[in-house]
Amino acid sequence: MRNIHLGIDFDNTLVIYDEIFYNLALERGFIHKNIQANKVSIREEMILNGKENEFTEMQGEVYGNLIKNAKLQKDLSQTLNFLLKKGIKISIVSHKTKFPIKGKKYDLHQAALNWLKTNNFFEENFIGIELENVFFEETIDQKIQRIKDINCTHFIDDLEKVLEKLDNGIIKILFTKKNFKTSENKNFLTLNNWNEIYDII
Ligand SMILES: [Mg+2]
């Protein structure tokens, strides 16, 4: 397990927003209650109904404010703490604009950092990530560059488009709740639950 540097995305990889998006969209009358309670389905449904702008605004509200109610992915803290204790280096590399594109001007980077603090990411006895190993970038290209600069050996992300842009030397891991079939041209490993990481690393 030596010399592994695991890079991890933030939104929807560490943090679960599904229920928050669902409740907010329902409250604002944008979706029917029978829709699947996940961000992707809600976004698709709202775009279909001509509510893309409203979705973008909702996203700012979730990432900037309601994030404080967001939960960690299942088995996340024990898994990361175990890996760190084994001597694996862990960095978090996220990309999103500093302020929402629409709506109230929340500092999205600060909100994300506050969430990490509140959820004990920097507490050695709980998770134990170093603050200096947390990076918030504004664009996807800056994120890719950062992952390269800090020499991640593995990267976990819920977005295929991020993994597709990474160098081939990096082991790419797609975090997904769906049963993802790996096609020939997509050399991703998949992670459906955080405790499966032991089979990969
Ligand atoms: Mg993400």
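Whatever order the structure lists ligands and atoms in, that order sets their numbers, starting from 1. Here the structure is a predicted model, which means the values were calculated and not measured.
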Q: For the Mg ion (ligand 1), find the closest N/O/S atom belonging to D158 and write down its atom name.
A: OD1
Q. Between Y198 and F82, is the ring centre distance below 6.0 Å?
A. yes
**Q.** Six-ring centre of F188, K172 cation under 6.0 angstrom, axis tolerance 45°
**A.** no
(Q) If I consider every N, O or S atom in D9, which one ends up closest to the Mg ion (ligand 1)? I only need its name. (A) OD2
Q. Is the Lys NZ or Arg CZ of K143 less than 6.0 Å from the centre of F135's six-membered ring, within 45° of the axis?
A. no
Q: Considering just N/O/S atoms, say which atom of D11 is closest to the Mg ion (ligand 1).
A: O
Q: Can you establish whether the number of heavy atoms outside E138 located under 6.0 Å from its atom CD is more than 12?
A: yes
